[in-house]
Structures are given as C-alpha cells and as structure tokens.
J.: 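Please find one structure pasted underneath; my questions will follow.
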Number of protein chains: 2
Amino acid sequence: MAQSRTPVLHRDDPEKDPLVGHVKVTREDWLNLARNVLVQEGVGELKILSLSTRMGVSRSSFYWYFKNRADLLAALLDEWEARNTRTIVTHCEMPADDINAAVCNFFRCFVDPALFDRGLDFAVRDWARRDVQVNQRIEAADAQRLEAISAMFARFGYDAYDADIRARILYFMQIGYHAVELREPMEVRMSRLEGFLRGFTGREPTEDTIEAFRVFAMATEARP
Amino acid sequence: MAQSRTPVLHRDDPEKDPLVGHVKVTREDWLNLARNVLVQEGVGELKILSLSTRMGVSRSSFYWYFKNRADLLAALLDEWEARNTRTIVTHCEMPADDINAAVCNFFRCFVDPALFDRGLDFAVRDWARRDVQVNQRIEAADAQRLEAISAMFARFGYDAYDADIRARILYFMQIGYHAVELREPMEVRMSRLEGFLRGFTGREPTEDTIEAFRVFAMATEARP
DNA sequence: GTTTTTCTGGACAGGTGTGTCCATTCATGC
DNA sequence: GCATGAATGGACACACCTGTCCAGAAAAAC
C-alpha cells in the first residue's frame, strides 16, 4: 500500500498512566477524536476505520482499548451526562443574593465550552432520535435540568407552579438559541454573554426575571 | 432467494398522474418514505437499498424516478423549505387586531403538523451540521423566519430594535421547546395549545407579549 | 541482556452500500 | 391481438465497514 503514513498522535500530557509501554495512542485519544466526530458529523459517521486512519493507527489498536463500537459509544454517552447536566445542576445550586444573580449564574454555564458543550448536547439529542436507550438518558437529563432550574426559582420565593413556568421559559429559550445559532463562532457568543454579565450586574435588580430574559435577548441578538 | 415478497405499496390517491402504465410505486411514494426515514433516522440512514426493500421494490425502480441519491436529498430539502419556512412567514403576515392576536397566529403554525413539520425541521437542522450547502439553506431560513416575526412586531408599533429582541425570544423559545419535547405525543401537545388558544382569546388583551409568553409557558408546562 | 507485557500491523471472512446494464413485464394505444 | 414504451428484477463491479486472528515490534520488568 503506497499510502503515506500520517504522523502518530503522541500524548502531550503524560501526567496520568505513565505505566504503559510503547505508547502511540491512548484511550483518551480515541475518546477525544470520537467526540469531535460525533459532534461534527453525527453518530452515523462515527466509524472505527475512519477514526483509525485519522489517527494514523491500525484498526486493531481500537480493539485493545474498547470492546467494540458500542463500548465507545457508551463511554461517550457517560462523559456527556457527567459533563453537561452536572454543570447546569451545580450552577443552579450556586449561592446568590437574589433571583437575578441566580439566573446570571445559570447563564454562566454556557459561556465556557469546557463547562457545557453545546455541540455535544445537540449531537446526543440527535442521536437519541435513533436510539431508545439514548432517548431515555436525555429525557432524564432534561427532567433533571428543569428540576434544578425550577428549584433555583423556588429558593427565591416562587411557588412551585411559577417556578416551573420560569424554568421552562429559561431552558427552552437557551436550548433554542443554541439550536439556531449553533455554528456561530464561540468568540462572538462569549463576548456577547460577557457584555451581558457586565451590564447585568451594574443594573438595579428587578423583581422579576422577565427583565433578565430581555437583557439576555439583547445580548444575543445579531446586531452590536 | 427465499425472502418473502412484501406486498407492494399501491397508490391510494390516483387523482394525479393517471397516465402511467404498470404502476406500483410513484415518485411521491419514494419521497414520502424517504421523508419519514430522514426524520426518524437521519440523513445517514437514508439509503436506497433500505428504502427499496421497505417498499417491496427493486433498487432499480429508484433510479427511474431519481438521478441518484443526491437528487432525492435535494428534492427533500426543497420540500422542507417550501413547507416549514413559508408556513411561518404567512402566519406572521396574517391580519390581527393587536400584537397578542398576532402572536397567537404565530403559535398556530405549530399546532398542525401539516403546516410546520417539527420533526423535519430538526432533521434538516441536524443534516446541516454535516453539509455546507444545507447549512446555508437553514441559515437563510432562520434569518427569513426571524425577519418575518420581527416585521410582525414592527407592524404593531415596536421599533426595529425591540421588535428584533421579541422575535428572537419568541423563536428561540419555540425551537427550544420542540428540541426538548420532540417526542411528546402530538395529541398532548395539540390539546395544550388548543387550551392555550381558548384561554388566550378569552382574556383581556395585555399591552405586551410578555404575558403571551407566560401563558404559552403555562400551556406547555408538564402538569395539567 | 533476556523475558514479559503492552500494543500495533496486516490479512481474512462476512456484511452492506452505490451506480449501471440489460432482459423482462405489464398497461396502454393502435 | 399486437406493438410501444414505462417501470421493474436481477446480476455485475466496486467500495467501505465490522470483528477476529495472529505474528511481531517496542517499552518495561527482571
């Protein structure tokens, strides 16, 4: 085969697992590449042959780290669940002086892609349409997130019904924003949200989160 | 081959194209099945072999109606564009007494799946992540929809900036709701929206659409 | 320096997908 | 009743993906 051998992906952070011999790739390398492919091309395009050629490694290497393709997918799903949903829940539980500051905490989840990976979230949401198991996972995740947001409102005096309504408005609007503006450069989005956060804290606190939604919409709208 | 022959899908509505001979399937049959597969399983699973076996017809039949796979995908995309985006635009342009009635018209798009196919919309949105051409189409569609909603608000006295903000809140929340509750039974969703529409028209008109969002959230929240 | 363990390359078998060619079938027009 | 043309079935060539097996290279342990 005359195919030119692509350079091997060596690890850059050997702080963990230094006990392996003849290291060329690691399980983490497979997972990272697989996550990128999942986000950018979907589950259907997540193929072992494709991954191995991109890493410049034989397919056999994959079967050393994972039992099979399903094993890789399960690992990706676990990672998503631990990352995205937990981020939202912990941010909703952060201490805050009033509901406006609490909503502000909620928005902070979506500023740092290391906290909440929106691309991964939609990739999984899409994957769920084709897999009943995954569907159950994301339905549970959505319920858990909505519950956390609702509890956040309840902490500041809203009764259960009003808290639920506000949680749903907030969560749906956030998800919808990401669905539509998914491919907007992260720098643009971050600068907007940072601007929002600065402007928000400098304002008189309002007695409703309606104003917070309004300011958030201002911050995310297309024009400067 | 001992494979039992599945019964052929005959057309139920021969009102159009009665001039074909030896009719077993039509171009419409291929398109309808392909649309279902696109929505439920994604573009990646849209395979000619799979479609033909489901219709109980040879693969060769496909190549009579379509040039190739790309031809089918283009037809599906055209259909989506004509259906979903045009529905939203026309509903936004409907005459209304005040902004609340106008927002109410907007919501009506999403009651009837024949008007706006939410499953198709998300299938295309997902497809766009893997295809630059499709991405451009859906970005144009989102811009067109937002423009129509914004113009709707502008008709009722909102200046361009406020109209844009409200259009984005409304559209993002709607898209987010569909993204999260996508697999909720349509009857449940319809009964909620119908209840919303009834309750809405029986109320005193408010001077802001904030109240409309609030009532919409009440109508779509999980509890009765 | 040898042995052991860890990891990778290449080949095999089986499955599925695409696009094309051509003989065949069936409804329609004559 | 027969010719015409629309529509289909079946086969060919080619490509891609999965999972498995085993020989062998390279680091680690001794």
Side-chain angles (χ1 to χ4, degrees), chain A residues 1-11 14 16-31 33-34 37-38 41-76 130-131, chain B residues 1-11 14 16-31 33-34 37-38 41-76 130-131:
Chain A
M1 200 169 282
Q3 198 168 3
S4 67
R5 185 100 166 8
T6 50
V8 172
L9 287 182
H10 288 284
R11 303 181 64 202
K16 220 173 184 182
D17 316 343
L19 58 151
V20 285
H22 180 203
V23 181
K24 291 195 172 179
V25 297
T26 66
R27 187 182 160 96
E28 295 302 311
D29 292 329
W30 285 105
L31 278 173
L33 181 57
V37 173
L38 173 64
E41 308 175 35
V43 222
E45 293 303 310
L46 199 51
K47 294 160 186 172
I48 302 165
L49 176 63
S50 172
L51 294 179
S52 64
T53 53
R54 294 194 210 197
M55 297 225 296
V57 157
S58 167
R59 275 186 318 117
S60 314
S61 171
F62 173 85
Y63 291 97
W64 180 262
Y65 299 102
F66 301 92
K67 186 168 171 286
N68 50 23
R69 187 170 178 272
D71 189 24
L72 170 67
L73 295 181
L76 286 172
R130 286 151 227 166
D131 189 307
Chain B
M1 198 168 284
Q3 198 166 3
S4 68
R5 185 100 166 4
T6 51
V8 171
L9 286 182
H10 287 284
R11 303 181 64 205
K16 222 174 182 180
D17 316 343
L19 59 151
V20 285
H22 181 201
V23 180
K24 290 196 171 176
V25 297
T26 66
R27 187 181 160 97
E28 295 302 312
D29 291 329
W30 286 105
L31 278 173
L33 181 57
V37 173
L38 172 65
E41 308 175 34
V43 222
E45 293 304 311
L46 199 51
K47 293 158 185 174
I48 301 165
L49 176 62
S50 173
L51 294 178
S52 63
T53 53
R54 294 194 210 199
M55 297 225 294
V57 157
S58 166
R59 275 187 318 118
S60 314
S61 172
F62 173 86
Y63 291 99
W64 180 262
Y65 299 101
F66 301 92
K67 187 168 171 288
N68 50 23
R69 186 172 179 271
D71 189 23
L72 170 68
L73 296 181
L76 286 172
R130 286 150 225 166
D131 188 307

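Order of the sequence lines fixes the chain letters, A, B, ..., with proteins taken first and strands second; residue numbering starts at 1 for each chain.
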J.: Quick one: B/R69 CZ to C/dG19 C1', roughly how many Å, whole number?
T.: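 It is 13 Å, rounded to the nearest whole Å.
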J.: Could you tell me whether a side-chain N or O of B/R27 sits under 3.5 Å from a main-chain N or O of B/Y65, the two making a donor and an acceptor?
T.: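 Side chain of B/R27 to backbone of B/Y65: a pair is present.
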J.: For A/L49 and C/dG14, give me the distance from atom CG to atom C1', rounded to whole Å.
T.: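 Value for this atom pair: 15 Å.
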J.: In whole angstrom, give the distance that lies between atom CZ of B/F66 and atom P of D/dA7.
T.: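 Checked: the CZ to P distance equals 13 Å.
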J.: Determine, for A/R54 against A/E45, whether the closest basic-nitrogen to carboxylate-oxygen distance falls under 4.0 angstrom.
T.: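 No.
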J.: Name the residue closer to the 5' end of DNA chain D, choosing between A/S60 and A/L46 according to the nucleotide with the nearest heavy atom.
T.: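 By nearest-heavy-atom nucleotide position, the 5'-most residue is A/L46.
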J.: Of the nucleotides C/dG19, D/dT8, D/dG19, which one has an atom closest to the side chain of B/W64?
T.: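 It is D/dT8.
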J.: D/dA6 C1' sits how many Å from B/F62 CZ, rounded?
T.: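 Distance, rounded to whole Å: 18 Å.
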J.: Could you please name the option among C/dG19, C/dT8, C/dC12 that lies closest to any side-chain atom of A/R59?
T.: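 The answer is C/dC12.
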J.: In this structure, how many angstroms lie between the P atom of D/dT18 and the CG atom of A/N68, rounded?
T.: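 To the nearest whole Å, that distance equals 11 Å.
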J.: Quick check for you: among C/dG9, C/dT8, D/dC17, whose closest atom lies nearest to any side-chain atom of A/S58?
T.: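 Side chain of A/S58 sits closest to C/dG9.
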J.: Counting N and O atoms only, with roles assigned by atom type, does the side chain of A/T26 sit under 3.5 Å from a partner on the main chain of A/D29, one being a donor and the other an acceptor?
T.: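 Looks like yes, one N/O pair under 3.5 Å.
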J.: Name the nucleic acid region contacted by B/S61, choosing base, sugar-phosphate or nothing; use a 4.0 angstrom heavy-atom cut-off, strictly under.
T.: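 Result for B/S61 = sugar-phosphate.
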J.: A/L51 has an atom CG; how far is it from atom C1' of D/dC16, in whole Å?
T.: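 Those two atoms, CG and C1', are 14 Å apart.
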J.: Classify the side chain of B/S50 versus the base of C/dG17 as yes if they form a donor-acceptor pair under 3.5 Å and no if they do not.
T.: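 Not at all, since no donor on one side and acceptor on the other fall under 3.5 Å apart.
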J.: Using whole Å, report how far CH2 of A/W30 lies from P of C/dC7.
T.: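 In whole Å, C/dC7 P lies 13 Å from A/W30 CH2.
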J.: At 4.0 Å (heavy atoms only), tell me whether A/Y65 reaches a base, stays on the sugar-phosphate, or touches nothing.
T.: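 Touches sugar-phosphate only.
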J.: Nearest whole angstrom, please: distance from the C1' of D/dG9 to the CE of B/M55.
T.: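 Whole-Å distance recorded here is 14 Å.
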J.: What's the closest nucleotide to the side chain of A/V57 if the choices are C/dG9, C/dT16, D/dA6?
T.: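 Per side-chain heavy atoms of A/V57, the pick is C/dG9.
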J.: Give a yes or no on whether the backbone of A/L49 and the side-chain of A/R59 come within a donor-acceptor separation of less than 3.5 Å.
T.: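 Absent.
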J.: Step by step, work out the side-chain contact (heavy atoms from CB on, under 4.5 Å) result for B/L51 and B/L72.
T.: CA-CA 12 Å; B/L51 294 178; B/L72 170 68; 4.0 Å; yes
